[in-house]
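What's counted below: heavy atoms across the whole structure, side chains too, no hydrogens, waters or symmetry copies. A note on names: the letters A, B, ... follow the listed sequences, proteins ahead of strands, and every chain is numbered from 1.
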Amino acid sequence: MLNQYKRVKEELIENLESLKTLCSSRGSSSIAENLLEVEEKLLQNRFHLVILGQFKTRTRS
Amino acid sequence: MQNKATATPLETLEEKIRIFQEKMEEIKQDRENTKYYFEGEIKRVVDLLDRDLESLKSKQIPRLLEELIKKGNECKHKGISEYVKLMDSTLNNGIKSAFDNWLVQEEEGLNVEHGKIAKRYSEKTNEIIESILTASSELFDLNIDKLKKEDSISTDSSLYLMTGDPPKFFDLEGAFDFFSQRILPRKISQKMVLNDLKKRLPQKIDQNCGRVRWDFMDRIKRSFMNFRWDLNQKINTTEESITAAIQKALELKKQSAEDIKKAQDQIAKDLDDLYRIKQRLGDLERILEFS
């Protein structure tokens, strides 16, 4: 699971880099900045964790 | 869009740009109106906070004073040091139970209100982005993908919590100076302590309410401003990208046929690269979905 996460993360960063290069070469600096922000979040492992539903309490029988 | 614009005769292109700019003016006006509307909404939340604080003060100050008078009567036989200690602990416990609970509830309530406003602002932002895309796609007969639900800004209000920590209510240090009363006879001292409490408690609560109001207000405003800044960036990026594409095409139209061909080849190459990246990102998305 952890290996898969690392692999997906690396590939994602690689693709973000390609996108960033493409945007910069076309002069789309705002999009390139947004992509950089996403990339930084990914590199620092900063995510929004959303927990849905309730925790159930279990009582001992 | 740049490709399509490059293939459009100069005169037609200039006319299309004029229509696009007109449309953008309308959208800009809509953005301005939205800004004022949401500023009003934030003010409404602050008013709500003010009403809650007033209601808290009007309920809790008499209750606390009554509790203190009752405790004072019960402790009449105690020495002044113990009397002060007991009164102090009654006051602190009373404050903790009433005000701490209030803070938790108020934090929740304000978060709900902030979430509702943020949700409406997100929806409005999505609408504005959508209208910019529609305006540009209609102009150049392009089939631009509508914002997919997962691409658009999340509109789940529970995700928009205020930033920062909830305020703490009371700092009672120095609120009641009992020392001077300790050297007087017990009955007089006790009376002075109680009178002191009656006089200074409402003032102190009022001051602390003011501090709490400022803390909450600052967080509400700051949270919303940060949020609005992020969303405005998305609108600006959309608008800038489209304007830049048209502008580039316009400049290109004034160049030689050879240069136009070269630029069109570059656009085609960029587009291919873009589709390739999109394909790879789609693959990664599927991996994540099934893992």
Step-by-step side-chain contact (heavy atoms from CB on, under 4.5 Å) determination, B:Thr237 to A:Glu33: CA-CA 10 Å; B:Thr237 303; A:Glu33 277 168 30; over 6 Å; no
Verdict with supporting geometry, A:Ile31 and B:Ser241, side-chain contact (heavy atoms from CB on, under 4.5 Å): CA-CA 8 Å; A:Ile31 301 180; B:Ser241 308; 3.4 Å; yes
Pair A:Leu12-B:Leu281, side-chain contact (heavy atoms from CB on, under 4.5 Å): steps then yes or no: CA-CA 7 Å; A:Leu12 202 49; B:Leu281 289 173; 3.5 Å; yes
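In the displayed structure, B:Glu258 atom CD is contacted under 6.0 Å by at most 12 heavy atoms of other residues, nucleotides or ligands. Residue B:Lys248 qualifies as enclosed at atom NZ: its count of foreign heavy atoms under 6.0 Å is above 12.
Taken from CD1 in B:Ile277 to CG in A:Asn15, the straight-line distance is 6.5 Å, to the nearest 0.5 Å. Here the CD atom belonging to A:Glu14 is positioned 9.5 Å from the CG atom belonging to B:Leu284, to the nearest 0.5 angstrom. Here CD of A:Glu11 is found 6.0 Å from CD1 of B:Ile287. Values are rounded to the nearest 0.5 Å. With values rounded to the nearest 0.5 angstrom, B:Arg280 atom CZ is found 9.0 Å from A:Leu19 atom CG. Distance check, rounded to the nearest 0.5 Å: OG of A:Ser29 to CD of B:Glu240 gives 7.0 Å. One distance of note links OG of A:Ser25 with NZ of B:Lys269; it measures 8.0 Å at 0.5 Å rounding.
Taking both residues in full, the closest heavy atoms of A:Leu22 and B:Leu274 are given as CD2-CD1, 3.5 Å, listed atom of the first, atom of the second, then distance.
For the pair B:Gln266 and A:Arg26, the minimum side-chain heavy-atom distance is 4.5 Å or more.
For chain B, the nearby parts of A:Ser18 are the backbone and the side chain; heavy atoms of each come within less than 4.5 Å.
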